[in-house]
Amino acid sequence: MLGSVVARCRNASPGQIGVSAGMALVAAVVLDRLDPRASFLTGLLFGLAVGLGVLSLGIWQRRALGG
């Protein structure tokens with residue numbers, strides 16, 4: 001199952017993954033403003049946003065170098 005997720009991420013465009021990272025970041029900020037008690041979920045969404053952003057940059061760099 002994890003292999004199919006990795007394969008999909010490799011074939012996704014960096015822009016699509018970047019949009020997903022932005023959406024996770026917006027969701028984290030909105031959740032923090034609406035319910036400050038949900039700090040664990042806010043942190044989880046921030047972590048997801050950062051991870052997706054790093055993945056997007058990695059894919060972009062790999063494609064730019066011809067890999």
Side-chain angles (χ1 to χ4, degrees):
M1 171 144 170
L2 186 60
S4 64
V5 172
V6 171
R8 285 185 182 199
C9 287
R10 284 185 182 168
N11 293 330
S13 73
Q16 291 173 336
I17 297 174
V19 167
S20 297
M23 289 172 50
L25 187 62
V26 168
V29 170
V30 168
L31 181 64
D32 186 51
R33 295 292 179 197
L34 292 178
D35 189 9
R37 296 173 295 159
S39 61
F40 175 75
L41 293 176
T42 303
L44 199 67
L45 283 169
F46 272 121
L48 178 66
V50 169
L52 286 172
V54 168
L55 180 68
S56 175
L57 287 173
I59 290 173
W60 174 74
Q61 183 180 13
R62 185 175 184 186
R63 290 184 182 174
L65 296 175

* Kindly say whether Pro14 contributes a backbone atom to a donor-acceptor pair with the side chain of Ser56 at under 3.5 angstrom? => yes
* To do: Check whether any side-chain heavy atom of Phe46 sits under 4.5 Å from a side-chain heavy atom of Val29, and report yes or no.
  => yes
* Hey, could you give me the CZ/CG distance between Arg37 and Leu31, rounded to the nearest 0.5 Å? => 10.5 Å
* To do: Heavy atoms only: give me the nearest Leu25-Ala49 pair and the separation to one decimal.
  => N-CB, 3.8 Å
* Supply the atom-to-atom distance Ile17 CD1 to Leu57 CG, rounded to the nearest 0.5 angstrom. => 10.0 Å
* Structure fact -> Tightest non-hydrogen contact, residues Ala28 and Leu45, listed as CB-CB, 3.6 Å
* Asked: Could you state the interatomic distance from OG1 (Thr42) to CZ (Arg33), rounded to the nearest 0.5 Å?
  -> 10.5 Å
* Asked: Are the side chain of Gln16 and the backbone N or O of Ser13 linked by a donor-acceptor pair below 3.5 Å?
  -> yes
* Is it the case that one hydrophobic cluster holds both Leu55 and Trp60, taking links as side-chain heavy atoms less than 4.5 Å apart, direct or via other members? -> no
